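As the structure lists them, so they are numbered: ligands from 1, and atoms in each ligand from 1. Not measured: the values here are computed from a predicted model.
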Amino acid sequence: MENKIFVAIVGAAGRMGVELLENASPLGDISITDALVRPGSDVVGTSLGPDAVHASSDFETAIDNATVVIDFSTPESCLRAAAIAAKTGTPFVSGTTGLTAEQVDELHGYSSDIAMLWASNFSVGVNSLERLVELASRAVGEDFDIEIMEAHHRHKVDAPSGTARFLGEAAARGRGQTLEDHACYARHGQVGPRAPAEIGFQTIRGGDIVGEHTVFLCADGERLELTHRATDRGIFARGALRAAKWISTQPAGWYSMQDVLFGKS
Ligand SMILES: NC(=O)C1=CN([C@@H]2O[C@H](COP(=O)(O)OP(=O)(O)OC[C@H]3O[C@@H](n4cnc5c(N)ncnc54)[C@H](OP(=O)(O)O)[C@@H]3O)[C@@H](O)[C@H]2O)C=CC1
Ligand SMILES: O=C(O)C1=N[C@H](C(=O)O)C[C@H](O)C1
């Protein structure tokens with residue numbers, strides 16, 4: 001098939017890796033050629049997914065041979081893979097969350113060499129919600145208090161979720177502020193009354209919750225709640241595969257999932 005792309009997955013044995021292998025299998029225009037796993041992992045040398053993709057830790061060879069890399073792993077392995085992709089000139093899509101500000105800067109740095117797309121959430125719903133949150137926040141102004149609640153499965157290691165931060169940034173932007181200046185990530189004990197313009201984050205972890213986010217805009221006498229519920233991880237995998245196809249023809253630069261869904265702003 002014309003324009004077929006060959007993808008190496010970083011974190012292929014994880015929850016998202018499994019989803020990517022399953023969701024790519026029926027596609028005619030994408031082929032997963034390498035399943036990259038943690039060096040020393042028990043699955044090195046085995047075959048993963050419905051198409052029995054070879055699992056290896058040879059990042060250099062796999063990334064050099066790929067048209068695009070898709071990463072859902074850890075901040076450290078994301079950055080390692082991105083550094084290799086920058087050297088081999090391979091476009092890079094990542095959904096790994098929990099990166100520090102310095103790690104995001106490092107990732108950003110590679111976008112001068114390659115097309116790089118990082119998104120805290122690849123679903124159509126969350127990327128639409130982000131726009132609604134900015135709009136609502138601008139409309140209601142500072143009389144409304146903004147709080148963001150997120151819920152995820154018991155295995156999630158970072159908090160708050162990347163998506164919660166993404167929505168918090170939209171809420172802050174809607175009021176002409178930055179999240180950095182107004183975020184409140186924890187309350188415990190005698191914390192005093194809520195600061196005006198604060199954007200609070202609440203985290204729930206339990207069971208098999210795929211991912212739920214609610215932005216509360218609360219005033220005296222009324223409350224607006226904007227909610228997204230993911231019930232199937234396949235939405236993130238299909239979004240990332242769509243992004244991989246899209247980024248394969250883009251020049252070097254930093255891209256978002258919104259560029260894929262709504263056009264480059
Ligand atoms: N943007 C989005 O839409 C979404 C983002 N995510 C994010 O994606 C990331 C992964 O999530 P999830 O799949 O649930 O997590 P998992 O823990 O299930 O998967 C992560 C995988 O990365 C592997 N890994 C660790 N170190 C390396 C390494 N050095 N090289 C290669 N692989 C490595 C782990 O291997 P091992 O287990 O052997 O250590 C594991 O298999 C998280 O940051 C999560 O928040 C998740 C869903 C959607
Ligand atoms: O770890 C997860 O599972 C998810 N992580 C992403 C995040 O941190 O926002 C996206 C999604 O909610 C699932």
Side-chain angles (χ1 to χ4, degrees), residues 8-23 34-44 46 48-49 55-60 62-63 69-85 92-100 103-104 107 117-127 129-130 148-170 201 203-215 227-244 256-258 260-261:
I9 298 176
V10 178
R15 278 174 292 276
M16 280 304 299
V18 167
E19 288 292 339
L20 286 163
L21 288 163
E22 276 175 11
N23 281 277
D34 286 275
L36 290 166
V37 298
R38 182 176 49 76
S41 161
D42 289 349
V43 300
V44 170
T46 66
L48 298 178
S56 88
S57 295
D58 184 355
F59 278 55
E60 282 79 5
I63 292 174
V69 176
I70 302 181
D71 158 74
F72 284 85
S73 59
T74 62
E76 294 70 27
S77 58
C78 164
L79 288 172
R80 176 170 174 237
I84 296 167
F92 196 83
V93 170
S94 176
T96 298
T97 59
L99 280 75
T100 63
Q103 288 172 323
V104 172
L107 200 58
L117 188 152
W118 178 82
S120 59
N121 197 301
F122 282 90
S123 75
V124 174
V126 158
N127 283 284
L129 174 63
E130 193 259 2
I148 299 174
M149 190 174 75
E150 58 101 335
H152 284 86
H153 52 96
R154 63 166 73 92
H155 305 286
K156 187 163 176 62
V157 294
D158 57 308
S161 68
T163 306
R165 289 170 190 257
F166 178 56
L167 297 173
E169 280 160 9
F201 289 85
T203 295
I204 292 167
R205 292 286 175 268
D208 62 355
I209 303 169
V210 173
E212 303 191 0
H213 294 87
T214 297
V215 179
T227 296
H228 177 265
R229 290 195 180 89
T231 53
D232 174 1
R233 239 172 231 110
I235 58 168
F236 308 130
R238 289 189 287 277
L241 291 163
R242 181 172 169 180
S256 73
M257 193 57 194
Q258 307 240 338
V260 179
L261 296 173

Relative to the heavy atoms of [X], which atoms of ligand 2 are at a distance of less than 4.0 Å?
X	value
Thr97	7 (C), 8 (O)
Ser161	7 (C), 8 (O), 9 (O)
His213	12 (O)
Gly162	7 (C), 8 (O), 9 (O)

Evaluate the criterion side-chain contact (heavy atoms from CB on, under 4.5 Å) for residue pair Arg238 and Asp232; output intermediate values, then yes/no. CA-CA 11 Å; Arg238 289 189 287 277; Asp232 174 1; 4.0 Å; yes
Specify the protein heavy atom at minimum distance from [atom]: its residue, its atom name, and the distance to 0.1 Å.
atom	answer
atom 12 (O) of ligand 2	His152 NE2, 2.6 Å
atom 1 (O) of ligand 2	Lys156 NZ, 2.9 Å
atom 3 (O) of ligand 2	His153 NE2, 2.8 Å
atom 9 (O) of ligand 2	Thr163 OG1, 2.5 Å

Using only atom types and a distance under 3.5 Å, with no angle test, would you say the side chain of [X] pairs donor to acceptor with the backbone of [Y]?
X	Y	result
Thr227	Thr214	no
Thr97	Ser120	no
Gln103	Thr100	yes
Asp34	Leu36	no
Gln258	Asn127	yes

Thinking salt bridges, do Arg205 and Glu150 make one under a 4.0 Å N-O criterion?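 So Arg205 pairs with Glu150 through a salt bridge.
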With the threshold set at under 4.0 angstrom, would you say Phe166 reaches ligand 2 through any of its heavy atoms? no
Closer than 4.0 angstrom: is that true for some heavy atom of Val210 and an atom of ligand 2? yes
Audit row: Phe236, Glu19, side-chain contact (heavy atoms from CB on, under 4.5 Å) steps and yes/no: CA-CA 8 Å; Phe236 308 130; Glu19 288 292 339; over 6 Å; no
Give the C-alpha distance, both sets of side-chain angles, the deciding distance and a yes or no for side-chain contact (heavy atoms from CB on, under 4.5 Å) between Leu241 and Leu20. CA-CA 8 Å; Leu241 291 163; Leu20 286 163; 4.0 Å; yes
Tell me which one of Ala230, Ala151, Ser120, Gly211 gets a heavy atom nearest to atom 10 (C) of ligand 2. Ser120
Show your reasoning for whether side-chain contact (heavy atoms from CB on, under 4.5 Å) applies to Val37 and Leu48. CA-CA 10 Å; Val37 298; Leu48 298 178; 4.2 Å; yes
Exactly which residues line ligand 1, taking a heavy atom under 4.0 Å from it as the test?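 Its neighbours under 4.0 Å (heavy atoms only) are Gly11, Ala13, Gly14, Arg15, Met16, Val37, Arg38, Pro39, Phe59, Phe72, Ser73, Thr74, Ser77, Gly95, Thr96, Thr97, Ala119, Ser120, Asn121, Phe122, Lys156, Asp158, Phe236, given by chain and number.
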Exercise: identify the closest heavy-atom pair between Thr96 and Ser73: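 Residues Thr96 and Ser73, closest heavy atoms: OG1-N, 2.9 Å.
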